[in-house]
There are 2 protein chains.
Amino acid sequence: MAAALELFVERGFHSTPTSAISKHAGVSAGILFHYFKTKDDLIYTLFLETKLEFLQAMNVGMEKVRSPEGKFRLIWSNAWNYGVDNLVKFKFVQQIHHSPLIDRIKEDPSIAELTTAMTTAIQTSIEAGILKNVPIELLMNNFYYLIIGLVELIGKQPELRRDNTFIEQAWECFWDCHRA
Amino acid sequence: MAAALELFVERGFHSTPTSAISKHAGVSAGILFHYFKTKDDLIYTLFLETKLEFLQAMNVGMEKVRSPEGKFRLIWSNAWNYGVDNLVKFKFVQQIHHSPLIDRIKEDPSIAELTTAMTTAIQTSIEAGILKNVPIELLMNNFYYLIIGLVELIGKQPELRRDNTFIEQAWECFWDCHRA
DNA sequence: TAATCTATTGAGTGACTACTCAATCACAAA
DNA sequence: TTTGTGATTGAGTAGTCACTCAATAGATTA
């Protein structure tokens with residue numbers, strides 16, 4: 001799966017033959033179909049696993065933070081840090097996400113569980129007057145896309161990561177977009 | 001090219017055989033290669049054309065607006081309106097954008113010309129104290145990704161488009177993210 | 001040891017695909 | 001009418017790919 005991930009990001013999953021995957025992994029061509037019914041099945045599994053890992057990473061350390069703004073900031077930094085640390089996985093998820101494959105993936109229960117947890121957290125922050133009182137889909141959307149954008153920007157210019165003023169400015173933009 | 005666009009968005013460009021394109025366009029299989037050297041060439045041309053159209057659409061009516069906030073709001077609404085009106089084209093650009101094909105496309109001169117025009121416009125707004133004094137890449141990035149996100153949200157829930165309060169709220173988030 | 005199961009191999013196959021090319025067609029200039 | 005030029009056709013080709021399967025290796029249990 002690690003071999004597949006690398007090749008998918010480098011060449012795209014449609015231009016990556018299963019033969020290339022097995023060769024890159026140092027195994028035979030046939031064994032791939034012992035573990036995955038089809039190539040699509042491999043892609044699907046890889047996507048789900050990666051996306052779950054990503055969503056879980058966003059919640060690390062949440063119990064240590066009290067203030068809503070603090071929680072919000074932690075999710076924000078967890079998210080982009082994980083993305084930057086795992087650029088290959090991140091790019092893979094994005095690639096799948098913008099391909100016509102996803103439709104059937106969206107409703108997966110394990111994904112749904114994690115996203116609804118976040119939805120309710122945001123909902124309560126709105127009601128507490130901490131976040132803008134706007135439709136939750138809008139807030140979640142801004143939330144999501146600003147982080148995606150930040151990861152892609154830092155991915156292209158890695159030196160920004162060590163630039164504390166830059167990070168603070170990015171946070172300020174993000175927070176201003178959401179706060180009440 | 002219209003036929004190709006539709007199929008690419010529906011099935012992805014790697015899963016769309018050239019034979020399907022010509023059939024859908026009601027022409028023979030061979031003629032496609034009379035106008036385009038390869039299938040990649042067709043994709044590339046389609047992408048460039050669409051992206052240029054998109055960038056141009058963002059600047060429509062700019063001469064009629066005076067205030068910087070007004071200009072900003074116009075670009076914003078031009079952008080998402082064009083995206084929503086041309087969802088197929090928009091999805092296609094996004095699909096290409098997140099595939100490993102783009103690298104060679106980025107530096108195309110006609111694209112570069114339009115983006116630098118926008119970069120300087122934003123730069124002057126920063127210096128005039130209208131926009132946040134943060135690195136321009138960050139501002140442009142937020143700009144770009146918030147619009148992408150809005151188009152995808154309205155694309156999924158078209159009824160939002162007629163919802164004036166929703167549009168105002170979206171603008172408020174967008175503006176708060178950028179304003180000084 | 002024998003028997004049973006799973007893991008692994010890699011040559012082989014049928015289906016599909018990007019692209020070619022010789023032939024025809026449409027049309028306009030001489 | 002003749003000649004020339006580009007548009008169009010579609011059957012054909014060489015190559016690629018996902019997937020199969022019979023055979024082997026290895027591990028586990030009785």
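The chains referred to below are lettered A, B, ... by the order of the sequence lines, with proteins before strands, and numbering in each begins at 1.
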May I ask you to test the A/Trp80-A/Ile154 pair for a side-chain heavy-atom distance under 4.5 Å?
yes

Note down the inter-axis angle between the two ends of the helix from C/dT1-D/dA30 to C/dA30-D/dT1, five pairs each, to the nearest 10°.
0°

Do A/Thr16 and A/Ile21 come within less than 4.5 Å of each other through their side chains, counting heavy atoms only?
yes

Can you label the angle between the B/Phe8 ring and the B/Phe92 ring as parallel, tilted or perpendicular, going by 30° and 60°?
parallel

Would you indicate what A/Phe36 reaches in the nucleic acid, counting non-hydrogen atoms under 4.0 angstrom: base, sugar-phosphate, or nothing?
nothing

Note, A/Trp76 side chain near A/Leu146 side chain (heavy atom, < 4.5 Å)
no

Between A/Ile21 (CD1) and D/dC17 (P), how many Å, whole number?
11 Å

Hey, are the side chains of B/Met1 and B/Leu42 touching, using non-hydrogen atoms and a 4.5 Å cut-off?
yes

Identify, between A/Lys37 and A/Ser15, the residue whose nearest nucleotide on DNA chain D lies closer to the 5' end.
A/Ser15

Test item: A/Val88 and A/Glu10 side chains (from C-beta on) under 4.5 Å apart, heavy atoms
no

Whole-Å distance, A/Phe13 CZ to D/dC17 P, equals 16 Å

Evaluate the side-chain proximity of A/Leu74 to A/Met62: yes if any heavy-atom separation is below 4.5 Å, no if none is.
yes

Under a 3.5 Å distance rule, please check whether A/Asp41 uses its side chain to pair with a backbone N or O of A/Phe36 as donor and acceptor.
no

Starting at NE2 of A/His34 and ending at C1' of D/dT24, how long is that distance when rounded to a whole Å?
14 Å

Does B/Thr16 reach a base, just sugar-phosphate, or nothing at all? Heavy atoms under 4.0 Å.
sugar-phosphate

Just list the side-chain donor-acceptor pairs under 3.5 Å for residues 168-180 of chain B, sequence neighbours left out, or say none.
| unit_1 | atom_1 | unit_2 | atom_2 | d |
| --- | --- | --- | --- | --- |
| B/Glu168 | OE1 | B/Arg73 | NH1 | 3.2 |
| B/Glu168 | OE2 | B/Arg73 | NH1 | 3.3 |
| B/Glu168 | OE2 | B/Arg73 | NH2 | 2.7 |
| B/Gln169 | NE2 | A/Asn133 | O | 3.4 |
| B/Asp176 | OD1 | B/Arg179 | NH1 | 2.5 |
| B/Asp176 | OD2 | A/Lys132 | NZ | 2.8 |
| B/His178 | ND1 | B/Phe174 | O | 2.7 |
| B/His178 | NE2 | B/Phe143 | N | 3.2 |

Quickly work out the B/Phe33 CZ to D/dT9 P distance and round it to whole Å.
14 Å

From the 5' end of DNA chain C to its 3' end, which nucleotides mark the outer limits of contact with chain B, defined by a 4.0 Å heavy-atom distance cut-off (strictly under)?
C/dT17 to C/dT20

How long is the line joining NZ of A/Lys23 and C1' of D/dA18, in whole Å?
16 Å

Assign each of A/Ile31 and A/Thr18 the nucleotide of DNA chain D bearing its closest heavy atom; nearer the 5' end lies the nucleotide of A/Thr18

Rounded distance in Å - CG (A/Asp41) to C1' (D/dA18)
13 Å

